[in-house]
Amino acid sequence: MDKIIVNGGNALYGIVAIGGMKNSALPVIAACVLTKDTCIIDNIPMVSDIKLLLDILAASGAEIRILSSTSVQINCKHMTPCSSPDELASQLRGSSYLLGAELGRFGEARVILPGGCSIGSRPLDFHMKAFEALGAQCSIVNGHLGAEAINGLRGNTIFFDKVSVGATVNAILASVLAEGTTVIENAAREPHIVDLAVFLNACGASITGAGTSVIKVKGVSELHGCRYSIAPDMIEAGTYMVAAATVGGRVTVTNVIPKHLESVTSKLVEAGVNVIVGDNYITVESNGKYNAVNIATQPYPGFPTDMQAQFSTMLCYANGTSRVTDNIFPSRFKFIDELTKTGATASVESNTAVIKGVERTGCAPLTCHDLRAGAAMVIAALRSEGESEITGIDKIERGYVDIVDKFANLGADIRLVRDMVAPTHISATN
Ligand code: EPZ
């Protein structure tokens, strides 16, 4: 079994160049289905979730060419709908975007109910509501979600009861080629929604309002190809910022858009951590001592749920008691049990973790329960004294490129131990 070994205690010093955002690249790659022309996507993080989605497109007849470690050429002209392989599509949440893309292009779609991080209930009812508002019939049969628009798709108003990133993505994908105008109300405002809209507009779509809670999509007859660069990953950047605050040192994350990280930066400042914000970089300076703060996750621009586990880990060493509430995924606290193995004092009450800061913790064998919890385990091990062994690291590799090398370059005593026997998914697009 592959594992990460960390000897904790080293402060972190240096610069981390942040890559493209996984949660933006997934919708943009799916959106390539909507055109028969060639698209080139740059600044793609070549993590396992991305490789899986590219393999799914290839298996459905798309032509995929890996141009470099961060650029991919995609042509979906000869792609057939409803043909994503179950064994691949069931492994990630991002495969659900093929529903909106294939429905938008072909008028039909069928994908196995997606997998992804085990962070609590992740239904697709909002997605189905969007498709039905546009005139499609949806059904869940044999563990697959199917959607079909026998009379074509017509623009409509879609109101989401709750802000949903995925449902907003799918509403946009399904409506860009529909007849007429679609208005999406209570839409997600995340930077990855803006990235998707900018990409689609560069392909000839007519989308306004992305980044606000009301998005208007005027249907067009067809889309052409384009070349597009993915926005920087705000969660990758936030992860290294919080790691520096927790362990101590001085770390600069570059190639970032500081505005995307305002909620994280302001929480670090509230805790008493020194943060310097530049035009495309953020520097975090810390002696590993800071105050407790309370956090409540919210849709963007609020504090992101994808930063909750990392920040909760940081608060295990704060001066005082913190309360962390996850309003997006109320049961996203499995990692707390792992942290208590190191000597952290934290407990979970409903959707809130109560964390009483301690000065130091000891090493322990740690398991990654999901992608961001995995990053949190690395942060805990970097702070804890002694040698910690982290398993389940395939979950970390779903969303972080070279996390071990990047921390090692900052001075961490960290190494990756590959189990040469364990089977891994060999990407067809390697
Ligand atoms: C996306 O998941 C991200 N995944 C998640 O990141 C992220 O945590 C989440 O957005 C919130 O920001 C990708 O982008 C691939 P939602 P998604 O729909 O779209 C409920 C990571 O670590 N809901 O915004 O699945 C849902 O249960 C991953 O990178 C419904 O009830 O999240 C949740 O409570 C983990 N019905 C809330 O809405 C639906 O049909 C927000 O979920 C859809 C969602």
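In this chain, residues are counted from 1 in sequence order.
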Backbone of His144 reached by a side-chain donor or acceptor of Asn142 within 3.5 Å = no
NZ of Lys267 to CZ of Phe303, rounded to nearest 0.5 Å, is 8.0 Å
Salt bridge flag under 4.0 Å for residues Arg418 and Asp2 | yes
Closest non-hydrogen atom pair between Val401 and Met46, with its separation = CG2-N, 3.9 Å
Between Leu177 and Leu153, is any pair of side-chain heavy atoms under 4.5 Å apart?
-> no
Atom NZ of Lys129: over 12 foreign heavy atoms under 6.0 Å = yes
Mind checking whether Phe199 and Cys39 have side chains closer than 4.5 Å, heavy atoms only?
-> yes
Using atom types as modelled and distance alone, determine if a side-chain donor or acceptor of Asn274 lies under 3.5 Å from a backbone N or O of Glu285.
-> no
Side chain to side chain, His78 and Glu63, heavy atoms closer than 4.5 Å = no
From the list Asn327, Thr297, Asp326, side-chain hydrogen bond (donor to acceptor under 3.5 Å, both in side chains) partner of Thr305 resolves to Asp326
Would a 4.5 Å heavy-atom cut-off, applied to side chains only, mark Asn23 and Ile235 as touching?
-> no
At their closest point, which heavy atom of Ala25 faces which heavy atom of Ile50, and how far apart are they?
-> CB-CD1, 3.6 Å
Kindly give the heavy-atom pair with the smallest separation between Gly209 and Ile215, and that separation in Å.
-> O-CG1, 3.7 Å
In terms of ring plane angle, is the pair Phe160 and Phe126 parallel, tilted or perpendicular, where the classes change at 30° and 60°?
-> tilted
Salt-bridge criterion met for Asp306 and Arg332 (N-O under 4.0 Å) | yes
Any donor-acceptor N/O pair, Gln91 side chain to Glu87 backbone, under 3.5 Å = yes
Backbone N or O of Leu223 within a donor-acceptor pair of the Thr35 side chain at under 3.5 Å?
-> yes
Just wondering, more than 12 heavy atoms not from Asp161 lying within 6.0 Å of its CG?
-> yes
Measuring from Met128:CE to Ile140:CD1, what's the distance to the nearest 0.5 Å?
-> 4.5 Å
Would you mind checking if Asp42 and Arg227 are paired as a salt bridge, meaning a charged N to carboxylate O distance below 4.0 Å?
-> yes
Pick out which of Val253, Ile18, Thr252 makes a side chain to side chain contact (heavy atoms under 4.5 Å, CB included) with Tyr281.
-> Thr252
Could you give me the CA-CA distance, side-chain angles and deciding distance for Arg250 and Thr283, then say whether side chain to side chain contact (heavy atoms under 4.5 Å, CB included) is met?
-> CA-CA 7 Å; Arg250 179 186 168 89; Thr283 298; 3.9 Å; yes
First locate atom CG of Asn409, then atom CG of Asp402, and finally report the distance between them rounded to the nearest 0.5 Å.
-> 9.0 Å
Rounded to the nearest 0.5 Å, the OG1 atom of Thr212 sits from the CZ atom of Arg189 at a distance of 7.5 Å
Could you verify whether a donor N or O on one side chain and an acceptor N or O on the other, from Tyr228 and Asp195, lie under 3.5 Å apart?
-> yes
Evaluation steps, side chain to side chain contact (heavy atoms under 4.5 Å, CB included), between Ile295 and Glu270 = CA-CA 11 Å; Ile295 287 176; Glu270 186 185 331; over 6 Å; no
Atom CG of Leu196 and atom CD1 of Ile172: how far apart are they, to the nearest 0.5 Å?
-> 5.0 Å
For the pair Arg398 (side chain) and Leu92 (backbone), establish whether a donor and an acceptor sit closer than 3.5 Å, ignoring hydrogens and angles.
-> no
Keeping the roles fixed (side chain from Arg93, backbone from Gly166), state whether a donor-acceptor pair exists under 3.5 Å.
-> no
Run the numbers on Leu145 and Leu113 for side chain to side chain contact (heavy atoms under 4.5 Å, CB included), then give the verdict.
-> CA-CA 6 Å; Leu145 199 163; Leu113 290 173; 3.9 Å; yes
Please tell me if the side chains of Ile396 and Ile4 come closer than 4.5 Å, counting only heavy atoms from C-beta onward.
-> yes
Does some side-chain heavy atom of Pro114 sit less than 4.5 Å from a side-chain heavy atom of Tyr97?
-> no
Any side-chain hydrogen bond (donor to acceptor under 3.5 Å, both in side chains) pairs touching residues 171-187, not counting sequence neighbours?
-> none
Taking Asp37 for the side chain and Gly225 for the main chain, is one N or O donor matched with an acceptor at less than 3.5 Å?
-> yes
Does a side-chain heavy-atom distance below 4.5 Å link Asn351 with Thr325?
-> yes
State, to 0.1 Å, how close Ala237 and Val256 come at their nearest heavy-atom pair, and which atoms those are.
-> CB-CG1, 3.7 Å
Keeping the roles fixed (side chain from Asn43, backbone from Ser229), state whether a donor-acceptor pair exists under 3.5 Å.
-> no
Begin from the C-alpha positions of Phe407 and Tyr240 and carry the test ring pair (Phe, Tyr, Trp, His ring centres under 6.0 Å) through to its verdict.
-> CA-CA 8 Å; Phe407 273 122; Tyr240 288 100; 4.8 Å; yes
Heavy-atom distance under 4.5 Å between the side chains of Ile74 and Ile29, does that happen here?
-> yes
For Ser266 and Glu262, does a side-chain donor sit closer than 3.5 Å to a side-chain acceptor?
-> no
Atom NE2 in His369, atom CG in Leu366: separation rounded to 0.5 Å?
-> 9.5 Å
For Tyr290 and Met314, what are the C-alpha separation, side-chain angles and deciding distance, and is it a side chain to side chain contact (heavy atoms under 4.5 Å, CB included)?
-> CA-CA 9 Å; Tyr290 39 80; Met314 172 187 148; 3.5 Å; yes
Side-chain H-bond candidate by donor/acceptor type, Glu397 with Ser48, under 3.5 Å = no
In Lys395, Lys406, Arg372, the residue satisfying side-chain hydrogen bond (donor to acceptor under 3.5 Å, both in side chains) with Tyr400 is Arg372
So, Ser71 side chain and Ser68 main chain: donor-acceptor pair closer than 3.5 Å or not?
-> no
With no hydrogens and no angle check, is any side-chain donor or acceptor of Glu236 less than 3.5 Å from a backbone partner on Gly19?
-> yes
